[in-house]
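To find a chain, count down the sequence lines: A is the first, B the second, and so on, and within it residues start at 1. As the structure is a computational prediction, the values presented were derived from the model and not from experiment.
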Amino acid sequence: MPVIRQSGTKIWQRRSTKAQLAVWFGWLLGVAIFVYCWQLISEKTIWFFVMDAPAQAADMAERMVPPKWSYMEQLWGPVWDTINIATLGTLIAIVIAVPVAFCAARNTTPSRTLVRPVALFIIVSSRSINSLIWALMLVTLIGPGVLAGVIAIGLRSIGFCAKLLYEAIEEIDQSQVEAIVATGAARSQQLSFGIVPQILPAFAGISVFRWDINIRESTVLGLVGAGGIGLQLDASISTLTWTQVSLILIVILATVIVSEWVSARVRHAII
Amino acid sequence: MTKTPAIRRWKRPPFITNPTLRWGLWVGAAIYLAVAFGTMEIDWSRVFEGATRGQRFIASFFPPDFSSRWDSIQDGILESMWMTITSTVIGIILSVPVGLGAARNLSWRPVYLFCRGVLAVSRTFPEIILAIFFVKLFGFGPFAGFLALSVGTIGFYGKLLAEDIESMDPVPAEAIKSVGAGWLQWLNYSVQPQVMPRMIGLGIYRLDINFRESAVVGIVGGGGIGATLLTSFDRYEFDSAAAILLIIIAIVMALEYTSGYIREWVQ
């Protein structure tokens with residue numbers, strides 16, 4: 001325990017002098033990096049507009065109320081599309097993520113040197129590209145519309161689902177699998193009787209959790225033309241119909257809250 | 001003559017034990033899928049056209065062209081990084097008081113409700129929607145993106161911090177209180193050491209998320225690499241786009257690797 005002596009009395013300290021210095025140096029470095037970054041951002045900012053922002057915000061808020069409730073009739077379709085994008089995208093992701101996860105988990109992969117790195121690469125590349133960028137690519141490829149959104153959400157979710165699932169597979173209780181092996185089960189039987197029942201709750205939880213995230217993400221895919229309520233949002237902002245914008249925001253808020261509630265309920269029931 | 005008993009076969013127990021719920025879910029899923037596919041408007045001719053064009057499209061990604069747009073790529077990547085760092089720092093600093101207020105075992109009821117409300121609102125809207133509004137309010141450029149990411153960080157980090165504090169071990173907290181520590185000392189010596197390891201890990205994880213998000217806020221004018229990426233897509237310069245995507249993937253992989261390493265080191 002670090003103790004310093006000050007005129008004969010021992011005083012307890014949390015860190016030794018050396019560690020304290022290292023901590024201070026770390027803070028100094030961190031603050032320096034932050035100030036440098038901040039300065040660079042500040043250079044690129046037109047501060048006049050920032051000063052003006054409160055007035056702008058008040059103006060915008062004033063134009064946004066009251067929400068144009070009659071516009072709701074035209075919004076049911078896009079909301080339905082948004083939910084479809086999230087749900088079908090999650091389905092696609094799950095179908096692809098399951099084999100990828102089994103290939104990526106250390107205890108089930110067919111080959112550690114050959115298959116596992118490929119599976120891990122699929123996971124990382126799917127996770128590191130935002131669904132909006134996937135959508136951007138797919139819209140150029142297969143044209144604007146719901147399908148591009150579904151595939152974009154699907155591609156983006158593979159990595160997330162597969163990563164959590166393969167971690168669940170690696171954490172299973174190996175003794176149960178051994179018991180199945182001892183009965184003379186084939187490899188596929190080991191999988192379906194030894195491993196699958198153990199990861200099923202995790203699997204259901206992951207799917208519902210990702211579906212919840214996907215609802216949120218699919219609300220913005222329309223900005224690049226991939227269907228859903230984002231299309232209406234983009235159109236309303238471009239035409240400066242702020243009363244419609246506020247209604248759309250309320251609808252998004254409601255959808256997200258409902259989906260979060262559903263997902264929390266389902267996960268609570270499983271675990 | 002006695003009846004031979006029927007052979008009993010073992011059946012694995014179903015995942016959902018309630019049969020009505022189980023079959024109801026299957027039927028519901030089937031109906032939903034039928035309706036969803038029925039109402040989805042897909043222009044299949046356009047899709048097939050895309051499939052044939054896809055080969056050319058993918059071919060035009062190779063080889064990635066790092067050189068011809070290098071200046072703007074470099075600008076965008078650096079801007080994304082500045083935004084990532086500043087927004088993570090500011091977001092975490094702001095989220096600490098909110099998180100403390102939103103922990104049920106620390107704050108009193110009205111503060112708790114207020115802070116939970118702040119967290120709920122800042123978590124609901126995707127960063128990109130926040131960015132649209134901040135661009136309208138504060139003008140184009142990285143400042144709007146920075147704000148959007150900061151707000152997103154507050155929602156994410158504050159909620160996890162609050163949950164972590166709520167699930168902490170109350171015994172050390174009581175011990176510190178019993179030696180006569182003030183509120184700040186109490187926070188510093190009992191709460192902070194308990195939540196710190198996990199929060200450092202989560203902070204780095206959020207840095208990771210913010211970098212990924214900073215790559216897209218540019219699409220709506222919030223600064224960063226997204227603007228460069230969108231321009232290269234719009235101009236059909238797919239080789240430059242491929243270069244940008246590869247750089248993003250490389251940075252994210254590097255971040256993920258470092259974050260895993262740091263988290264292991266902290267714990």
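The backbone N or O of B:Gly76 lies less than 3.5 Å from no partner atom in the side chain of B:Thr228, so there is not a single donor-acceptor pair. Side-chain N or O atoms of A:Ser157 include none that pairs as donor or acceptor with a backbone N or O of A:Thr90 at under 3.5 Å. Side chain of B:Ser87 to main chain of B:Met83: a donor-acceptor pair is present (N/O by atom type, distance under 3.5 Å, no hydrogens or angles).
Ranking B:Phe238, B:Phe140, B:Tyr189, B:Phe211 against chain A, the residue ahead of the rest is B:Tyr189, based on heavy-atom pairs under 4.5 Å. Per-residue counts of heavy-atom pairs under 4.5 Å with chain A were compared for B:Phe37, B:Phe133, B:Tyr32; the largest is that of B:Tyr32. Chain B forms more heavy-atom pairs under 4.5 Å with one residue of A:Ile237, A:Leu91, A:Asn130 than with any other, namely A:Asn130. Note on A:Ile257, A:Asp81, A:Thr87: by heavy-atom pairs under 4.5 Å with chain B, the leading option is A:Thr87. With chain A as the partner, the residue from B:Ile248, B:Ile129, B:Ile251 showing the most heavy-atom pairs under 4.5 Å is B:Ile129. Here B:Thr86 is the residue among B:Leu78, B:Val252, B:Thr86 with the most heavy-atom pairs under 4.5 Å with chain A. Between chain A and the options B:Asp208, B:Leu33, B:Val35, B:Leu255, heavy-atom pairs under 4.5 Å are most frequent for B:Val35. Between chain B and the options A:Leu138, A:Val220, A:Ile85, A:Asp59, the largest number of non-hydrogen pairs under 4.5 Å is found for A:Val220.
Using modelled atom types and a 3.5 Å distance limit, the side chains of B:Asn18 and B:Arg22 yield no donor-acceptor pair. Of the N and O atoms on the side chains of A:Arg267 and A:Ser263, at least one donor lies less than 3.5 Å from an acceptor on the other residue. Side chain to side chain, B:Asn210 and B:Thr84 fail the donor-acceptor criterion of an N or O pair below 3.5 Å.
Contact of A:Leu200 with chain B is made through backbone and side chain together, with heavy-atom distances under 4.5 Å. Only the side chain of A:Leu233 has a heavy atom closer than 4.5 Å to any heavy atom of chain B. Residue contact with chain B, scored on non-hydrogen atoms closer than 4.5 Å, involves the backbone of A:Val139 exclusively. For chain B, the nearby part of A:Ile129 is the side chain; its heavy atoms alone come within less than 4.5 Å. For A:Ile33, the part lying under 4.5 angstrom from a heavy atom of chain B is the side chain only. The contact between B:Asn188 and chain A is made by backbone and side chain atoms together, counting heavy-atom distances below 4.5 Å. A:Val35 does not touch chain B: none of its heavy atoms, backbone or side chain, sits under 4.5 Å away. Of the two parts of A:Ala148, neither the backbone nor the side chain holds a non-hydrogen atom closer than 4.5 Å to a non-hydrogen atom of chain B. Looking at A:Ser218, neither its backbone nor its side chain comes within 4.5 Å of chain B, counting heavy atoms on both sides. Heavy atoms of A:Glu217 lying under 4.5 Å from chain B are absent altogether. Heavy-atom distances place the side chain of B:Ile128, and not its backbone, under 4.5 Å from chain A.
The aromatic rings of B:Phe138 and B:Phe143 lie perpendicular to each other, with more than 60° between the two planes, well past the 30° mark. The aromatic rings of B:Phe156 and B:Tyr205 lie tilted to each other, with the angle between the two planes from 30° to 60°.
Smallest separation of non-hydrogen atoms from A:Ala104 and A:Leu120: CB-CD2, 4.2 Å.
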Open item on the list: Using the rule given for side chain to side chain contact (heavy atoms under 4.5 Å, CB included), can you reason through B:Ser232 versus B:Ile244, listing the C-alpha separation, both sets of side-chain angles and the distance that settles it, and then say yes or no?
Closed with: CA-CA 9 Å; B:Ser232 61; B:Ile244 296 173; 4.1 Å; yes
- [ ] Would you please test B:Val216 and B:Leu229 for side chain to side chain contact (heavy atoms under 4.5 Å, CB included) and show each step?
- [x] CA-CA 9 Å; B:Val216 293; B:Leu229 187 64; over 6 Å; no
TODO: Give the C-alpha distance, both sets of side-chain angles, the deciding distance and a yes or no for side chain to side chain contact (heavy atoms under 4.5 Å, CB included) between B:Gln192 and B:Leu187.
DONE: CA-CA 6 Å; B:Gln192 191 236 36; B:Leu187 272 189; 6.0 Å; no
- [ ] Please report the C-alpha distance between B:Ile90 and B:Phe146 in whole Å, then the side-chain angles of each, then the deciding distance to 0.1 Å, and finally whether the side chain to side chain contact (heavy atoms under 4.5 Å, CB included) criterion is met.
- [x] CA-CA 9 Å; B:Ile90 293 288; B:Phe146 152 76; 3.9 Å; yes
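Note that CD of B:Glu127 and CG of A:Leu132 are 11.5 Å apart. Values are rounded to the nearest 0.5 Å. Here the straight-line distance linking atom OG1 of A:Thr219 with atom CG of A:Leu231 works out to 12.0 Å at 0.5 Å rounding.
In this structure, the side chains of B:Val217 and B:Phe134 stay at 4.5 Å or more apart for every pair of heavy atoms.
Residues passing the side chain to side chain contact (heavy atoms under 4.5 Å, CB included) test with B:Ala242 are B:Phe61, B:Pro64, sequence neighbours excluded. In this view, A:Glu62 satisfies the side chain to side chain contact (heavy atoms under 4.5 Å, CB included) rule with no residue, not counting sequence neighbours.
Within residues 246-256 of chain A, the residues having any heavy atom closer than 4.5 Å to a heavy atom of chain B are A:Leu249, A:Ile252, A:Leu253, A:Val256, listed by residue number. At a heavy-atom cut-off of under 4.5 Å, chain A is reached by B:Arg123, B:Thr124, B:Phe125, B:Pro126 from residues 118-126 of chain B, listed in order of number.
Exactly one residue among B:Ile219, B:Val220, B:Ile225 makes a side-chain contact (heavy atoms from CB on, under 4.5 Å) with B:Leu230. That residue is B:Ile219.
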